Amino acid sequence: MVEAVEKLTKKSEDPSRWYLQLVRMAKLADYGPVRGMFAIRPYGFAIWERIQRDLDDRFKATGHQNAYFPLLIPESYLKKEAEHVEGFDPELAWVTIGGREKLEERLAIRPTSESIICDFYSNWVQSYRDLPLLINQWCNVLRWEKVTRPFLRSSEFLWQEGHTVHATAEEAREETLQMLGVYRDCFHETLAIPVLTGMKSPAERFAGAVETYTCEGLMGDGRALQAATSHDLGQNFAKAFDITFLDEQQDRVYAYQTSWGFSTRVIGGLILVHGDDRGLKIPPKLAPVEAVIVPIWRGKNKAEVRSEAEKLHMELKASGLRVEADFDEEHSPGWKFNEHELRGVPVRVEIGPKDIEKNQAVLVRRDTGEKEFVPRDGLPERLRTLLSDIQENMMRQATEFRDANTRHAASYDEFQEIIAQKRGFVVAPWDGTPETEQKIKENTKATIRLLPFDRQEGADLVSGKSGKTAIFARAY
RNA sequence: CGGGACGUGGCGCAGUCUGGUAGCGCACUCGGCUGGGGGCCGAGUGGUCGCCGGUUCAAAUCCGGCCGUCCCGACCA
């Protein structure tokens with residue numbers, strides 16, 4: 001036993017170190033020469049591609065089309081919506097030289113694309129017949145961050161941003177909520193991450209929005225992660241960028257807009273929610289590889305085991321499963337077991353001489369470590385039900401954790417104690433003033449993560465004034 | 001951007017205090033034996049010691065500046 005093998009730090013021992021090690025050991029991402037800019041490696045990108053496909057299907061199903069808009073935004077465009085520039089100003093990166101010429105007007109690398117897209121929309125939208133305009137783009141954006149971590153906060157990140165235009169305020173609000181629901185479904189059904197949905201407080205609202213809605217997840221260390229947001233932009237951008245149309249009464253009126261985004265940050269969330277001391281754990285519906293076959297051979301029967309494993313591989317692939325076979329001859333089975341667990345592959349399929357003799361295979365699930373012997377005949381079916389069990393179990397465990405770490409605070413003392421010692425979500429009434437919100441933030445570092453749709457009346461813990469339910473947590 | 005720690009082959013580290021021309025484990029390459037929870041033996045490849053400058057006969061080591069990383073705070077998907 002050589003102990004010098006690079007071991008993953010225990011999650012409970014040093015969560016931050018665990019996270020960084022996992023990202024690199026599982027080959028999800030790697031550091032580059034510029035701060036905050038990471039390479040997403042093939043395995044990490046495969047996860048992103050699965051998320052993309054899942055979301056994209058949902059966008060298409062709700063009537064959206066994909067398009068692409070420019071990377072560079074003239075300063076003057078960005079400045080048109082006052083709140084918006086102010087919000088993003090500290091994180092902008094600028095292009096000031098083109099070729100060898102100094103530019104007359106500097107160009108911002110998009111931190112988000114509202115301003116450039118609205119400029120196009122002001123031309124594209126002329127009549128109520130042009131509405132609704134339902135467009136999404138998949139792209140990279142850049143925000144000059146001071147403290148960065150792979151996936152969770154990088155200067156450059158990948159995301160999608162939907163930008164829609166509507167004739168009425170009601171329609172825009174419906175769209176905003178519809179897309180919030182699309183995100184929630186993706187989290188619940190595919191990522192197995194339970195999220196709370198609700199409204200942001202004015203202080204946490206997107207710069208330039210009338211209302212921001214959010215999906216908030218709870219990470220394994222008790223901190224919240226804003227996982228996706230959907231904004232009702234009202235007419236703020238329409239007025240700033242002159243997006244008007246002739247309605248059915250022949251009146252020229254300003255349009256209503258929405259925007260909504262979901263980023264590679266969620267991969268960080270996935271790691272933090274499901275990862276354990278053995279490494280990553282990917283829910284089957286998301287996993288690039290649902291099952292990996294590890295052949296167990298001895299010198300004399302290597303050829304036989306190999307051909308059986310290949311046959312099994314073909315069978316499982318033919319049944320529509322995403323299966324990989326690990327025929328590497330350099331590593332021992334034990335080494336492979338650890339490696340695939342680190343990568344979070346939901347199921348391992350072992351096949352060796354004993355199994356061939358008994359016409360069976362061994363299935364080992366990543367979420368519980370349970371092992372079972374399954375006859376070869378029914379293997380694809382059994383694997384399929386096992387994968388769906390795992391999906392369900394991962395969602396159930398994450399939900400139980402979330403619920404066990406959602407606490408009601410009856411007094412401010414209790415509130416502070418929970419945040420300091422247990423973290424998690426804290427449910428408490430808020431009087432709606434920025435003053436109490438700010439005070440809580442200064443005292444406890446907890447912020448209002450969201451205002452749920454269903455809010456109860458109660459006395460604010462700080463001011464004693466009447467308020468309504470808010471959900472607090474320390475956030476990433 | 002403040003406080004602290006750290007930058008030495010791909011990864012993890014020793015060497016720095018007390019200057020003398022770079023080492024260990026893993027990984028990687030080749031050969032052989034192995035293989036049901038990170039196997040073993042043998043032979044190899046790979047480093048201008050983060051960057052720039054200074055002190056010195058001589059710098060990974062001492063001094064200055066810069067860059068980067070990590071942890072803790074202030075701002076953010």
Side-chain angles (χ1 to χ4, degrees), chain A residues 1-9 14-17 19-21 24-25 27 30-38 87-92 111-112 140-161 183 200 203-204 206-207 212 214-217 224-231 259-269 278-279 294-302 305-306 326-342 348-356 361-362 364 369 371 373 441-442 445 447 474-476:
Chain A
M1 292 304 122
V2 180
E3 277 304 316
V5 178
E6 191 188 0
K7 282 276 189 203
L8 185 60
T9 300
D14 187 344
S16 179
R17 193 172 157 82
Y19 177 85
L20 266 352
Q21 266 178 7
R24 307 193 73 185
M25 287 168 70
K27 297 190 169 70
D30 201 7
Y31 291 70
V34 181
R35 171 167 48 79
M37 303 213 160
F38 304 90
F88 283 102
D89 184 65
E91 336 183 65
L92 295 173
T112 178
N140 58 341
V141 288
L142 187 72
R143 299 180 187 178
W144 212 255
E145 296 289 348
K146 288 164 185 159
V147 180
T148 60
R149 308 175 81 187
F151 298 117
L152 289 173
R153 172 157 292 104
S154 47
S155 286
E156 182 186 10
F157 58 89
L158 304 183
W159 76 347
Q160 61 66 218
E161 43 180 327
Y183 289 148
K200 283 291 185 186
E204 301 276 332
F206 176 73
T212 288
T214 183
C215 292
E216 300 279 327
L225 184 78
Q226 178 172 310
T229 47
S230 184
H231 314 292
S259 69
W260 25 276
F262 182 118
S263 77
T264 41
R265 164 180 246 197
V266 169
I267 297 174
R278 290 176 174 274
V294 178
I296 290 148
W297 47 45
R298 293 176 190 281
K300 55 176 181 292
N301 53 26
K302 186 178 278 190
V305 172
R306 189 186 174 106
D326 187 350
F327 291 129
D328 184 318
E329 303 208 6
E330 302 309 313
H331 295 292
S332 67
W335 190 93
K336 292 176 183 178
F337 296 169
N338 285 295
E339 184 67 11
H340 297 300
E341 280 166 8
L342 179 73
R348 175 173 77 243
V349 182
E350 298 172 23
I351 181 158
K354 289 184 232 162
D355 306 305
I356 293 170
V362 184
V364 183
K371 188 183 259 202
F373 301 87
K441 187 174 176 180
E442 280 167 14
K445 289 165 199 151
T447 50
R474 288 185 65 171
Y476 266 93

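Since this is a predicted model, take the numbers as computed values, not measurements. Residue numbers start from 1 in every chain, and the chains themselves are labelled A, B, ... in the order their sequence lines are given, proteins ahead of strands.
When all heavy atoms of A:K336 and A:D326 are compared, the pair lying nearest together is NZ-O, 3.1 Å.
Side chain A:R348 to base B:rG36: no donor-acceptor pair is found below 3.5 Å. On a pure distance criterion of 3.5 Å, no polar donor-acceptor pair joins the side chain of A:K336 and the base of B:rG37. No hydrogens or angles were tested; on distance alone, a donor-acceptor pair under 3.5 Å links the side chain of A:E341 to the base of B:rG37.
Among the atoms of the strands shown, only primed sugar atoms or phosphate atoms (P, OP1, OP2) are found under 4.0 Å from some heavy atom of A:R35. Using a 4.0 Å heavy-atom cutoff across all strands shown, A:E145 reaches at least one base atom of the nucleic acid. Heavy atoms of A:V141 sit nowhere under 4.0 angstrom from any nucleic acid atom. Counting non-hydrogen atoms under 4.0 angstrom, A:R474 reaches the backbone sugars and phosphates but no base.
Among the nucleotides B:rG38, B:rA74, B:rG37, the one closest to any side-chain atom of A:R278 is B:rG37. Each of B:rA77, B:rC1, B:rG39 was ranked by its minimum atom distance to the side chain of A:V147; first place goes to B:rC1. Distances were taken from every side-chain heavy atom of A:F157 (C-beta onward) to each of B:rG37, B:rA77, B:rG36; the shortest belongs to B:rA77. Closest contact between the side chain of A:S154 and the listed nucleotides B:rA77, B:rG37, B:rG35 involves B:rA77. The A:N338 side chain lies nearest to B:rG37 when the options are B:rC11, B:rG36, B:rG37. If you check B:rG36, B:rC75, B:rG37 against the side chain of A:K441, the one that comes closest is B:rC75. Out of B:rG36, B:rG35, B:rC1, the shortest distance to the side chain of A:W297 is found at B:rG35. For A:P353, the listed nucleotide lying nearest its side chain is B:rG36; candidates were B:rG36, B:rC13, B:rG37.
A salt bridge between A:K200 and A:E216 is present, with a side-chain N of the basic residue lying under 4.0 Å from a carboxylate O of the acidic one.
Within the shown strands, nothing qualifies as a pairing partner of B:rG38 under the Watson-Crick or G-U definition with both distances less than 3.5 Å. Shown here, B:rG19 forms no base pair; nothing in the strands shown gives a Watson-Crick or G-U wobble contact with both key distances under 3.5 Å. Nucleotide B:rC6 forms a pair with B:rG68, judged by Watson-Crick or G-U wobble geometry with both contacts under 3.5 Å. Look at B:rU55: it lacks any Watson-Crick or wobble partner with both distances under 3.5 angstrom. Across every strand in view, B:rA14 sits unpaired, with no contact that passes the Watson-Crick or G-U test at under 3.5 angstrom.
Between atom CE of residue A:M25 and atom CG of residue A:L20 there is a gap of 12.5 Å, rounded to the nearest 0.5 Å.
Counting non-hydrogen atoms of neighbouring residues, nucleotides and ligands closer than 6.0 angstrom, the CH2 atom of A:W159 exceeds 12 such neighbours.
Nearer the 5' end of RNA chain B, as judged by each residue's closest nucleotide, is the contact made by A:L20, out of A:L20 and A:Y476.
A gap of 41 Å separates the P atoms of B:rA27 and B:rC66, to the nearest Å.
A:Y31 has no side-chain polar atom (N or O) that falls below the 4.0 Å cut-off from OP1 or OP2 of B:rC11.
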